[in-house]
Amino acid sequence: MSAPIKIQYLKGIGPAKAKLFERLEISTVQDLLHYYPRTYQDRRLNTPPNEYNAEALTIFKGRVLRTQQIPARSVLVFKAVLEDEKGQQLECTWFKKRPYRAFRFDPFGQIKKDFHLNNEVWVIGRKNDRGAMFARQITVEEYYVAADALTQLHAGRLTPIYGLTEGLTNKQFRQFMYEALQSSNPADEPEILPPALLQKRRLLTAPQALKAIHFPNSLAELESARARLAYEEFLLLATAWGIKRTQTKILAKDYSYEVKKTLLTPFRTQLGFTFTNSQKKVINEIFSDLLSPRPMNRLLQGDVGSGKTVVALCAMLLAVENGYQAALMAPTEILAEQHYLTFKRMLAGLDVNLAVLTSSTKAAEKKKILKGLADGSIHILVGTHAVIQDNVAFHNLRLAVIDEQHRFGVKQRSKLKEKTAKLDLLTMTATPIPRTLALAFYGDLDVSTLSELPPGRQPILTECATSKLAYDRVREEVQKGRQAYIVFPLIEESEKISAKAVTEEFEKLKKVFPQFRLAVLHGQMKQEEKEKVMADFAAHNTDILVATPVIEVGIDVKNATVMVIENAERFGLASLHQLRGRVGRGEHASYCVLVPQHAGSVARERVDIICATRDGFKIGERDMQLRGPGEILGTRQSGELEFKAGDIFKDQAILHWATQDRDEILSADPGLVKPEHALFRRKLQELYQQNWHLIDLS
Ligand code: ADP
Ligand code: MG
């Protein structure tokens, strides 16, 4: 592979244009070639309807019969009548603002040159009704002189439409792309897929696919190009996962567990409920991982309220029974604090030392905790990502649990991976990875699923209503002795602005509910304040908690039966589902009232889905379809699941091929050392070495 060519060396692109391309993250010719069209327009004549010509765009090719400039006051109008080979005519219109001061400049100058009598042109435009003399008439959006060499890039074909930035046009884009394709050396686009696979799956070669994704000659060719590129993307990621998986398998733990039950038995006896069958099954799965000689890397997925926390606690107790330390990380301080209190309550009387560490733990307290962790006197640490900071040294940490793992940023997670490479790792999430995706990529990654909720859960009635009706519901429930949440969205993703807004709403709500005890909670409050507000609400010292989405994950107050979500359209599906999961946790029937303000179509759709289903898995799948997997799984920055050509939902068949082939490749050549895999391996290295250090392909 030769060195990448900077984009400004492409004909027609200087330093200024190069800057524009940089905004699209295109800095080399290679980047440009891999910037695939956002969509296409079918600009061929007389093609049957398809997904690229459905909109009301007129495409016409004809000779100029006559032209006319129409004088008008503010807007200048130019018209041309074209006639095609069959004798059909089309009237084309251009509107231009009268140029200010520069009277001499003719805004139609170029058009007049190009539309001289009898010249053959392509026009692309939309129907208009303004001053039309003909039945067939359009306002012209683009035109191309038929005899010009580059016209074939823009008209009379399936035409690529790119995602642009200000200062660049599609026309320029297409011409630069063409230039790039012409000037690029085939060796710059080497075929990384082994020939056997190309043949087996009847795939286009890399250069063929690249050319066809930009300038397809037919719909079928476009589909083949997309399939080839999608396949490659899927195969690369699936293989990366496959390798990572084998590597963790080879690692051997230098410690082992024994089920002693010195803590587990008393813990279960005093728990106050029995595990669901699902929990029992999952605990067994986790225990057998812990007892096995290789480190655990298990994902525990279970819907909101399915009881993941006690499962994690069992695993941690097994570690403590064996004289090891365990840590649990939560994405927010409130949640860490709550887990800590829950554990404390559940472990009362047992010989287990707990501590909680967050970024607002006071210096003196922190010092004490760090000491306890270093000398082993603290057995279980609960914390936020403060725990993964470098200065936290454990005596013998063996088990790490990450709660609501998708909430952690990519950086935090990769830091965690560094620290936990040789530990037993349990990650928990209520935003499940859709089954299809999990199977495809994670392959046989260990996934445990809590498929049932603990018994006795009350249904949650989800409804859409106005604020007034929502408040009636709140009043009714609080009068019965229950409690309520009223949640406002984050504003512009800023906790600060949101804090102000929610405080204002809080003042208003105090007037709406003068007879009740209200409290406000937002991310800008001091840790002690937050703790106090949560503790007061848990103890039923307050009736209504007005909050930002800080309460979204994990909060567990059984007496709360109403969740009002204001501006519901501003929340993602997963958030709505999480918020709803804050109620219905006890013996009382519960309500989730969505109060939408401005409902766009996607927003409307989200609200409808939430009202219609309680199944977190289905919601997760829909959310991923609406927002893309990278957004949901928090991998967007690392590009882990960002596919340029592939679509994990539409391309199920290709996904299936890719994972099947991955398994075959890795079983025949686990280290990818065979010559036919050399380029594929190099590509994997390129892609994953920086941001996915766990894959060791050196
Ligand atoms: P999530 O899976 O959303 O993290 P939690 O672990 O917070 O759910 O559990 C929700 C609630 O259900 C907690 O109050 C927990 O104590 C309770 N719980 C968990 N398992 C059971 C069970 N088997 N029977 C009854 N209640 C349970
Ligand atoms: Mg939880």
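Order of appearance sets the numbers: ligands from 1, and atoms from 1 within every ligand. We number each residue from 1, following the sequence as shown.
With R482 as reference, N559 is the one residue of D543, N559, T561 to meet the side-chain hydrogen bond (donor to acceptor under 3.5 Å, both in side chains) rule.
The part of T274 lying near ligand 1 is the backbone, judged by heavy-atom distances below 4.0 Å. Residue contacts with ligand 1, taken as heavy atom pairs separated by less than 4.0 Å, involve F273 solely via side-chain atoms from C-beta onward.
Ion pairing between R473 and E476 holds under the 4.0 Å rule for side-chain N and carboxylate O. The residues K480 and E477 are annotated as salt-bridged, a charged nitrogen and a carboxylate oxygen being separated by less than 4.0 angstrom. The pair D424-R298 does not count as a salt bridge, with every side-chain nitrogen at least 4.0 angstrom from each carboxylate oxygen.
Summarising the contacts of atom 4 (O) of ligand 1 with T309, D556, V310, the nearest heavy atom is found in T309. With atom 10 (C) of ligand 1 as the reference point, the heavy atom nearest to it among R585, K280, Q338 is part of R585. Looking at K308, R582, Q279, it is K308 that brings a heavy atom closest to atom 1 (P) of ligand 1.
Residue contact check for ligand 1: S306 places a non-hydrogen atom closer than 4.0 Å to it. Proximity of M428 to ligand 1 is not established, as no heavy-atom distance is less than 4.0 Å. Heavy atoms of L450 come nearer than 4.0 angstrom to ligand 1 in no pair at all. Distances from ligand 1 to the non-hydrogen atoms of D303 include at least one value under 4.0 Å.
Within ligand 1, the atoms closer than 4.0 Å to a non-hydrogen atom of V304 are 3 (O), numbered from 1 in the order shown. Residue contact check: T276 has heavy atoms under 4.0 Å from atoms 23 (N) of ligand 1.
Looking at residues two or more places apart in sequence or on another chain, you find a ring pair (Phe, Tyr, Trp, His ring centres under 6.0 Å) between Y324 and Y255, Y257. Under the rule for a ring pair (Phe, Tyr, Trp, His ring centres under 6.0 Å), the partners of Y485 that lie at least two apart in sequence or sit in another chain are F537.
Ring orientation note: the planes of F513 and Y471 are nearly perpendicular, at an angle over 60° on the 30°/60° scale.
Checked against a 3.5 angstrom limit, the closest N/O atoms of P455 and ligand 1 fall outside it. When only interatomic distances are considered, the shortest N/O to N/O separation between F275 and ligand 1 does not fall below 3.5 Å.
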H379 and D351: CA distance, side-chain angles, deciding distance, side chain to side chain donor-acceptor pair (under 3.5 Å) verdict: CA-CA 9 Å; H379 306 121; D351 184 19; 5.5 Å; no

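In this structure, R585 and V557 approach most closely via the heavy-atom pair CD-N, 4.5 Å.
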